[in-house]
Amino acid sequence: MLGYIVIAIIAYLLGNISTSYIIAKRVAGIDIRTKGSGNAGSTNVLRTLGKKAGVMTFLGDVLKGMIAVLIAYIIAKLVNIDIITAKYVAVVFVVAGHNWPVFLGFRGGKGVATSLGAMLAVNPIAALSCLGVFIVIVLITKYISLGSVLGIACSPIFMYLMKKNEGIPVTIFLVLSVIYTHRENIKRILNGTERKLGEKKN
C-alpha cells in the first residue's frame, strides 16, 4: 500500500507543474489564469499567446502525464507491487494534480493533454484512438472543447473493446473529470456561444 501512496503523491505533484503557467510567465510575464478564458491550459495559451506557446504547453502537459506513469512503473518494479495498478494510480493522480493543483490554489487546467500523455504510457492504442476521435470532431465542428469531451468519452469504449477491463474505471474517471472541467464550455456549445477554432473573440 505504501508504494501506491508514494506513486499517488509523486504523480499529483508532477501534475502540479503547470506548463501553461510557466510558459505564460516566461513568454509574456503574465498569469495565464487572468487572461482569455482564465483556464491554465493549452487552448487558452494558444488563443492568448499564439501557436508556438500553445504547442509547447500541450507537449509539456502530455509529457508530464507520461513521466508520471513511467515513474510509477519504476517504483512498482522496485518495491514489487502490481505494475498495472501502479500505472493507473499515476494516471488518476497526475490528472488530479493538473486539474486541481495545490500550488496554484486548485485552479488548474482541464486535463485533456495530461490524460492523453498518461494514457499513451499505459495503452497507446486506446490513447491514439481517442486522439483520432478528437481530431475528427474538431475538423468537423471547429470546437476544441467538444472534441476533447467526445475524445475522452470514447476511452472506456476502446478499453472495453480491447478487453482491458481493469482500465475502464480509470477511464470513466477521466471522462467525468473532463466533463466537469468543460462544464462551462458545454453550456456555451448548447446555447451557441462557444468560440470555434480560429474564431476571434468579439
For residues [X] and [Y], determine if any side-chain heavy atom of one lies less than 4.5 Å from a side-chain heavy atom of the other.
| X | Y | answer |
| --- | --- | --- |
| R47 | R195 | yes |
| N165 | M159 | no |
| Y88 | V122 | yes |
| V178 | L174 | no |
| T19 | L63 | no |
| Y4 | T85 | yes |
| Y180 | L176 | no |
| Y21 | L104 | yes |

Counterpart residues, side chain to side chain donor-acceptor pair (under 3.5 Å), relative to [X] (two or more places apart):
| X | value |
| --- | --- |
| T171 | none |
| T57 | none |
| T181 | none |
| T34 | none |

- [ ] If you link ILVMFWY side chains whenever their heavy atoms are less than 4.5 Å apart, which other residues fall into the same cluster as V27? By chain and number, please.
- [x]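 Members alongside V27: I23, M56.
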
Open item on the list: If hydrophobic residues (ILVMFWY) are linked whenever their side-chain heavy atoms come closer than 4.5 Å, directly or via other members, who joins L49 in its cluster?
Closed with: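 Via sub-4.5 Å side-chain contacts, L49 links to I30, I32, V45.
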
Would you give the length of the straight line joining atom [atom1] of [X] to atom [atom2] of [Y], rounded to the nearest 0.5 angstrom?
| X | Y | atom1 | atom2 | result |
| --- | --- | --- | --- | --- |
| I17 | H98 | CD1 | NE2 | 12.0 Å |
| Y73 | L78 | OH | CG | 10.0 Å |
| T141 | L150 | OG1 | CG | 8.0 Å |
| M66 | L59 | CE | CG | 11.0 Å |
| I74 | I7 | CD1 | CD1 | 10.5 Å |
| S148 | I137 | OG | CD1 | 11.0 Å |

Open item on the list: Would S20 and N44 count as a side chain to side chain contact (heavy atoms under 4.5 Å, CB included) here? Give the steps.
Closed with: CA-CA 8 Å; S20 62; N44 195 29; over 6 Å; no

Pairing residues for [X] by the salt bridge (Lys or Arg N to Asp or Glu O under 4.0 Å) criterion, not counting sequence neighbours:
| X | result |
| --- | --- |
| E166 | none |
| K87 | none |
| D82 | none |
| R188 | E194 |

Check for me, please, whether [X] and [Y] land in the same ILVMFWY cluster - side-chain distances under 4.5 Å, paths through other members count.
| X | Y | answer |
| --- | --- | --- |
| I84 | I168 | yes |
| L131 | M162 | no |
| I71 | V79 | yes |
| I140 | I186 | no |
| F58 | V55 | yes |

Task: Criterion side chain to side chain donor-acceptor pair (under 3.5 Å) against K110, the qualifying member of N185, T43, N99 - done: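 With K110 as partner, N185, T43, N99 yield a single side chain to side chain donor-acceptor pair (under 3.5 Å), made by N185.
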
Task: Pair V133-F158, side chain to side chain contact (heavy atoms under 4.5 Å, CB included): steps then yes or no - done: CA-CA 11 Å; V133 172; F158 290 132; 4.1 Å; yes

TODO: If a pair satisfies salt bridge (Lys or Arg N to Asp or Glu O under 4.0 Å) and one of its residues is in residues 52-64, list it, with sequence neighbours excluded.
DONE: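 Qualifying pairs, neighbours excluded: D61-K64.
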
TODO: Sorted by first residue and then second, give each salt bridge (Lys or Arg N to Asp or Glu O under 4.0 Å) pair with at least one member in residues 11-34; sequence neighbours left out.
DONE: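 Sorted pair list: D31-R33.
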
Nearest heavy-atom pair of [X] and [Y]: which atoms, and what distance?
| X | Y | result |
| --- | --- | --- |
| H182 | S145 | CD2-CB, 3.8 Å |
| A127 | L116 | O-CD1, 3.7 Å |
| A86 | A76 | CB-CB, 3.7 Å |
| N16 | V102 | OD1-N, 2.8 Å |
| C154 | C130 | C-SG, 4.2 Å |
| I75 | G3 | CG2-O, 4.3 Å |

TODO: Output, in order, the C-alpha distance, side-chain angles, deciding distance and verdict of side chain to side chain contact (heavy atoms under 4.5 Å, CB included) for L128 and L120.
DONE: CA-CA 7 Å; L128 291 173; L120 275 170; 3.8 Å; yes

Open item on the list: Can you tell me if F173 has over 12 outside heavy atoms packed within less than 6.0 Å of its CZ?
Closed with: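 Yes, CZ of F173 has more than 12 neighbouring heavy atoms, counting only those of other groups under 6.0 Å.
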
Task: I125, CD1 atom: more than 12 neighbouring heavy atoms under 6.0 Å - done: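 Open: at most 12 neighbouring heavy atoms sit under 6.0 Å from CD1 of I125.
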
